[in-house]
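Below, read A as the first sequence line, B as the second, and so on, with proteins coming before strands; counting in each chain starts at 1.
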Amino acid sequence: MGASRASPVSLKAGRIEGELKVAESLADSASNPGHAGDDPSRRDFIHIVAAAAAVGGAAAVAWPLIDQMNPAADTLALASVEFDLSKVELGQEVTIAWRKQPLFIRHRTPKEIAEAVAGDHADLKDPQTDAERVKAGHAEWLILLGSCTHLGCVPLFGQGEYGGWFCPCHGSVYDTSGRIRKGPAPLNLAVPEYAFLNDKTVKIG
Amino acid sequence: MTAHTTYEPKTAIERWLDTRLPIVRLGAEVLEFPTPKNLNYWWTFGGILSFCLATQIVTGIVLAMHYQAGGASAFLSVEQGIMRDVNYGWLIRGIHANGASMFFIAVYIHMFRGMYYGSYKAPRELLWLLGCVIYLLMMATAFMGYVLPWGQMSFWGAKVITNLLGAFPIIGKPITTLLWGGFAVDDPTLNRFFSLHYLLPFLIAAVVALHIWALHVPGNNNPTGVEVKSKADTVPFHPYYTVKDGFAIGVFLILFAVFIFYEPDALGHADNFIAANPLVTPAHIVPEWYFLPFYAILRAIPDKLSGVIAMFGAIAMLFALPWLNTSKVKSMRYRPTSKVYFLVFVVVCLILGWCGAQLPDDAVIPALGKTGINLIDSDLNSYVWLSRIATAYYFAYFLLITPILGLRETPLPVPDSISKPVLAGEAAKKD
């Protein structure tokens with residue numbers, strides 16, 4: 001701002017030294033444009049550069065203030081757990097905490113698996129086959145994030161008309177594969193990333 | 001603010017101040033502010049709300065001296081520390097927790113008053129918009145405050161509400177992670193909510209200052225909706241309205257005290273006496289009563305994203321209201337048809353609040369049982385269908401009824417000035 005105001009003032013001051021000098025400098029700037037201090041395009045460029053530097057600087061300061069709200073290193077470090085499946089009887093469900101969220105480990109009966117496979121061809125909101133939701137050869141083990149995909153409540157097993165889970169908050173109903181069948185939830189219950197270390201142990205995360 | 005004051009600095013220090021920081025003059029201008037002489041008791045809620053804000057800030061600062069944010073300590077520091085061990089802690093928390101409810105009772109009456117008397121119409125649109133901003137800030141503050149005791153309702157309320165934002169495509173998930181500071185609602189969430197809960201009331205106070213400034217430019221609306229025409233229409237704010245507002249605050253305090261001393265937990269939820277447990281959801285999650293109408297709108301829509309949009313849209317309607325009202329007459333006192341639709345609107349808001357507290361599939365009229373008419377996903381005799389009907393009216397009121405009625409309705413004769421109907425009435429009596 002100060003720089004742009006300076007030019008008319010300096011021109012006024014220059015009047016004392018005679019118009020000749022002004023004419024001289026005009027001729028000078030025409031023949032040698034790089035030399036003129038108040039060349040408008042050069043001044044605009046300096047303004048743009050200064051403004052861009054200020055915006056860039058402000059963004060660089062703002063980012064750490066925003067990013068500090070993302071998960072901290074100690075929170076991210078809680079990423080994986082191992083679980084011994086032999087503790088879960090046939091037809092039983094165990095809930096464990098993983099990343100401070102409930103995780104369902106369900107030992108499915110053959111009837112539940114049959115119902116889940118039969119549901120593959122139903123009109124599904126979030127189409128997925130049962131085989132895609134379990135590990136090959138381990139169809140009896142269904143491992144799910146126990147967090148309703150609507151608003152995050154913990155669904156209850158054994159309620160609702162599809163033999164699977166029912167969310168008490170807003171009435172979403174999941175089948176024996178944890179797929180959404182009725183209610184406001186948009187997606188199937190999430191299957192976390194996991195692997196069988198051996199027949200008895202899984203590592204989740 | 002134009003000068004309405006007869007203030008003359010009398011002492012040397014006042015004269016010194018007056019040419020440097022005329023703060024005494026500002027106070028005199030506020031006290032002598034020409035106010036319509038016909039304001040009724042519905043106009044006292046502005047003063048009541050200022051009182052509520054001051055009460056919440058004072059009690060809140062004190063509570064923060066004893067509260068410990070953190071998953072392991074928060075619940076105990078409230079239920080044992082503040083409620084049992086801290087001197088008068090039970091009283092201060094009782095005032096703060098019930099004060100939030102009192103604040104919302106007052107703000108809802110204040111908003112309904114503005115709607116009835118057309119106080120949002122030109123030249124007071126900005127005054128209304130600033131009020132809407134205060135209301136939004138109040139909701140955010142109240143929500144985060146309810147999370148702090150870290151009971152079951154605190155925890156699951158926080159989880160459900162933050163998950164709402166996850167409904168938005170692309171930006172939803174990063175925003176919820178950013179709010180949580182983890183994979184779910186947890187210690188980092190509680191800590192940042194405490195920080196923001198402490199900050200927001202001061203932002204509210206700043207917007208309240210703008211709200212009052214925006215009030216003092218056009219001056220108060222009044223029950224006739226006719227602008228002030230002459231000095232005869234006004235009285236100075238002090239002593240007329242300082243006394244009236246003071247009396248109203250006194251009456252309001254009686255209600256406040258009944259809750260604090262006789263029913264301190266009536267407006268809370270029993271499940272919040274159980275410490276937060278991330279693995280067990282309470283059987284029936286309900287928000288605080290002041291959010292219930294919006295919760296009912298959310299649940300009325302069977303699709304997650306649409307439900308969230310409808311819920312935020314319900315608040316957006318308030319912001320749009322000054323430009324949805326096409327009527328030339330401000331006050332519904334002279335709009336007999338609008339008055340009826342408005343009263344239905346108030347009842348609909350109460351019905352939505354009632355629906356928000358019920359289980360969606362329960363029968364509205366239990367004696368009737370299931371009607372057997374199953375529309376979309378639920379029986380017609382269910383709270384979800386009552387919510388849907390009420391939600392439809394809520395939006396129709398803003399988007400259809402208000403604009404159409406403004407053009408079609410024939411209003412009653414509007415008085416020429418505030419003083420006119422009073423004088424005409426007296427003249428009629430003499431005849």
Closest non-hydrogen atom pair, B:P282 against A:P168: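 The pair with the smallest heavy-atom distance is O-CG, 4.3 Å.
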Contacting moiety of [X], where chain A heavy atoms sit under 4.5 Å:
X      : value
B:L305 : neither
B:I285 : side chain
B:P278 : both
B:F155 : neither

Spatial distance of atom NE2 (A:H170) from atom CG (B:L298) [nearest 0.5 Å]: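 Here the rounded value is 5.5 Å.
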Nearest-0.5 Å distance, CG of residue B:L279 to CH2 of residue A:W98: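 It is 14.0 Å, given to the nearest 0.5 Å.
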A:Q92 atom CD, neighbour heavy-atom count above 12 within 6.0 Å: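 More than 12 within 6.0 Å, yes.
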Residues of residues 136-159 of chain A contacting chain B, heavy-atom criterion under 4.5 Å, by residue number: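 Residues in range: A:S147, A:T149, A:H150, A:L151, A:G152, A:C153, A:V154.
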Chain B interface, residue from A:D67, A:N70, A:T95 that has the most non-hydrogen pairs under 4.5 Å: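 Looking at each option in turn, the highest pair count goes to A:N70.
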Identified side-chain contact (heavy atoms from CB on, under 4.5 Å) counterpart of B:K304 within the set A:S172, A:P186, A:P184: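 When side-chain contact (heavy atoms from CB on, under 4.5 Å) is applied between B:K304 and each of A:S172, A:P186, A:P184, only A:P186 qualifies.
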Selection residues 158-177 of chain B - residue pairs positive for side-chain hydrogen bond (donor to acceptor under 3.5 Å, both in side chains), sequence neighbours left out: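 Sorted result for residues 158-177 of chain B: B:T162-B:W180.
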